[in-house]
Amino acid sequence: MVLPRVIRAVIMGPPGSGKGTVSGRITKTFGLKHISSGDILRANINAQTELGLLMKSCIDQGQLVPDDVMSRLILNDLRAIDGGSWLLDGFPRTVSQAEALDVVYTLDTVINLNVPFQTIKQRLTSRWTHLPSGRVYNTDFNPPKVPGFDDDTGEPLFQRDDDKPETVTRRLKSYETQTEPVLEYYRSKGVLETFSGTETNKIWPHVEVFLQRKLSSINQKVE
Ligand SMILES: Nc1nc2c(ncn2[C@@H]2O[C@H](COP(=O)(O)OP(=O)(O)O)[C@@H](O)[C@H]2O)c(=O)[nH]1
Ligand SMILES: Nc1ncnc2c1ncn2[C@@H]1O[C@H](COP(=O)(O)OP(=O)(O)O)[C@@H](O)[C@H]1O
């Protein structure tokens, strides 16, 4: 699909709700650039940058990275895209981050994946990630062709330290206290679109139809 006008979107949902999985499908279908705060942080940890080393213990303990650090990091990346369409995944996670984003950009839509916590806990213990690309697998849902290795590159997959059950519980708590208020923030601005369910393959067709309609209505306004 051609995007005549720049589209700015955010995808939200608790950890493990399928943001990365659905983002992959959105970028493939609609051509938006996927920017994942978690992938950016993990790339920094892997490259042992100063920021990565500072943030690692915070992330491993299931706590959020400080707002000012995170907002600076993401806004810099968005500036570098220079006018292209994007889909933000994992940012904003606090009202303060949402306000920082608001100062610079107006969002077209915020997709909210509403998946029960019980479903999520089971998924995360079997999540495997390909660090360089951010591709995610699951030993039950979408296993790699060769266990432990990425389908596209053949490189090894890795299990995130913060996907341990006790850390997941802490991340879900921080989602409730710090991120749920962001949903209210976007609801009051009229841009929040919620998709509820327990299976990505059932949620995705609704997201796809919604985005098709949204993009064609935006493009009609441009013509
Ligand atoms: N069983 C199951 N696993 C899923 C489903 N959708 C995504 N997953 C897996 O659940 C884990 C979390 O998904 P991910 O997209 O990384 O969620 P995020 O943390 O919100 O970005 C990954 O291992 C996915 O492969 C689903 O419908 N069923
Ligand atoms: N916007 C953000 N603000 C603060 N911390 C963040 C943000 N995005 C990611 N992080 C940190 O990185 C961790 C992993 O994030 P992410 O990969 O998005 O997790 P998930 O996909 O499981 O929701 C978070 O638990 C948090 O410590």
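Read the numbers this way: they start at 1 and go in the same order the structure lists the ligands and their atoms.
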Exercise. At a 4.0 Å threshold, what atoms of ligand 1 neighbour a non-hydrogen atom of Glu199?
Worked result: 27 (O)
Exercise. Which residue holds the protein heavy atom closest to atom 10 (O) of ligand 1, what is that atom called, and what is the gap in Å?
Worked result: Arg123 CD, 3.3 Å
Do any nitrogen or oxygen atoms of ligand 2 lie under 3.5 Å from a protein nitrogen or oxygen, and which ones?
unit_1   : atom_1 : unit_2 : atom_2 : d
ligand 2 : 1 (N)  : Gly90  : O      : 2.8
ligand 2 : 1 (N)  : Gln97  : OE1    : 2.9
ligand 2 : 3 (N)  : Gln97  : NE2    : 2.9
ligand 2 : 5 (N)  : Val65  : N      : 3.0
ligand 2 : 8 (N)  : Ser37  : OG     : 2.7
ligand 2 : 8 (N)  : Gly90  : O      : 3.3
ligand 2 : 8 (N)  : Arg93  : NH1    : 3.0
ligand 2 : 17 (O) : Arg42  : NH1    : 2.9
ligand 2 : 17 (O) : Arg42  : NH2    : 3.0
ligand 2 : 17 (O) : Arg160 : NH1    : 3.3
ligand 2 : 18 (O) : Arg93  : NH1    : 3.1
ligand 2 : 18 (O) : Arg93  : NH2    : 3.3
ligand 2 : 19 (O) : Arg93  : NH2    : 3.4
ligand 2 : 19 (O) : Arg160 : NH2    : 3.2
ligand 2 : 22 (O) : Arg127 : NH2    : 3.1
ligand 2 : 22 (O) : Arg160 : NH2    : 3.4
ligand 2 : 22 (O) : Arg171 : NH2    : 2.5
ligand 2 : 23 (O) : Lys19  : NZ     : 2.9
ligand 2 : 23 (O) : Arg93  : NH2    : 2.8
ligand 2 : 27 (O) : Gln63  : O      : 2.6

Exercise. Looking at ligand 1, does any of its N/O atoms fall within less than 3.5 Å of an N/O of Asn201?
Worked result: no
For this session: Name all residues meeting the salt bridge (Lys or Arg N to Asp or Glu O under 4.0 Å) criterion together with Lys33; count only those two or more places apart in sequence or in a different chain, and write none if there are none.
Result: none
For this session: Say whether Thr49 and Asn44, considering side chains only, have a donor N or O and an acceptor N or O under 3.5 Å apart.
Result: yes
For this session: Under the side-chain contact (heavy atoms from CB on, under 4.5 Å) rule, what do Leu172 and Thr169 come out as? Steps first, then yes or no, please.
Result: CA-CA 5 Å; Leu172 289 172; Thr169 304; 5.9 Å; no
Problem set entry | Sub-4.0 Å atoms of ligand 1 with respect to non-hydrogen atoms of Gly20 | 15 (O), 18 (P), 21 (O)
Problem set entry | Of the listed options Arg135, Arg171, Gln122, Lys19, closest to atom 20 (O) of ligand 1 (non-hydrogen atoms) | Lys19
Exercise. Mind checking whether Val22 and Val209 sit in one hydrophobic cluster, side chains of I, L, V, M, F, W, Y counted as touching below 4.5 Å?
Worked result: no
Exercise. Measuring from the heavy atoms of Asp140, does anything fall under 4.0 Å of ligand 1?
Worked result: no
Exercise. Which of the atoms of ligand 1 are close to Gly16, meaning less than 4.0 Å from one of its heavy atoms?
Worked result: 12 (C), 17 (O), 18 (P), 19 (O), 20 (O)
Problem set entry | Qualifying residue, where the test is salt bridge (Lys or Arg N to Asp or Glu O under 4.0 Å) with Arg127 and the options are Asp140, Asp161, Asp163 | Asp163
For this session: May I ask you to check if ligand 1 and Phe141 share an N or O to N or O distance below 3.5 Å?
Result: no
Seminar exercise, completed: Thr139 and Ser126 have their tightest heavy-atom pair at OG1-CB, 2.9 Å
Problem set entry | Proximal ligand 1 atoms for Asn142, defined as those under 4.0 Å from one of its heavy atoms | 25 (O)
For this session: Identify, for atom 16 (O) of ligand 1, the protein heavy atom at the shortest distance, and state residue, atom and that distance.
Result: Arg127 NH1, 2.7 Å
For this session: Please identify which atoms of ligand 1 are closer than 4.0 Å to at least one heavy atom of Thr21.
Result: 7 (C), 13 (O), 14 (P), 15 (O), 24 (C)
Exercise. At a 4.0 Å threshold, what atoms of ligand 1 neighbour a non-hydrogen atom of Tyr137?
Worked result: 22 (C), 23 (O), 25 (O)
Exercise. So, Asp102 and Tyr185: side-chain donor and acceptor under 3.5 Å apart, yes or no?
Worked result: yes
Exercise. Gly18 to ligand 1: N or O pair under 3.5 Å?
Worked result: yes
For this session: Could you tell me whether Glu166 atom CD has more than 12 heavy atoms of other residues or ligands within 6.0 Å of it?
Result: yes
Problem set entry | Flag, side chain of Arg171 to backbone of Asp162, donor-acceptor distance under 3.5 Å | yes
Exercise. Do the side chain of Thr29 and the main chain of Ile26 share a donor and acceptor less than 3.5 angstrom apart?
Worked result: no
Problem set entry | Which residues share a salt bridge (Lys or Arg N to Asp or Glu O under 4.0 Å) with Arg135, sequence neighbours left out | Asp150, Asp152
Exercise. When you look at Leu101 and Leu78, which way does the side-chain contact (heavy atoms from CB on, under 4.5 Å) test go after all the steps?
Worked result: CA-CA 10 Å; Leu101 183 64; Leu78 292 181; 3.8 Å; yes
Problem set entry | Side chain Tyr186, main chain Ala98, donor-acceptor under 3.5 Å | no
Problem set entry | ligand 1 contact by Gly13, heavy-atom criterion under 4.0 angstrom | no
For this session: For Phe210, enumerate each residue passing the ring-ring contact (aromatic ring centres under 6.0 Å, His included) test, keeping only those at least two apart in sequence or located in another chain.
Result: Phe195
Exercise. Does the side chain of Pro66 reach to within under 4.5 Å of the side chain of Met55, using non-hydrogen atoms?
Worked result: yes
Exercise. For ligand 1, which part of Leu113 has a heavy atom less than 4.0 Å away: the side chain, the backbone, both, or neither?
Worked result: neither
Problem set entry | Where ligand 1 meets Thr200 - atom numbers and elements under 4.0 angstrom, heavy-atom basis | 5 (C), 6 (N), 7 (C), 26 (C), 27 (O)
Problem set entry | Contact with ligand 1 for Pro14, non-hydrogen, under 4.0 angstrom | yes
For this session: Distance to 0.1 Å, residue and atom name: give those for the protein heavy atom nearest to atom 9 (C) of ligand 1.
Result: Asn138 ND2, 3.5 Å
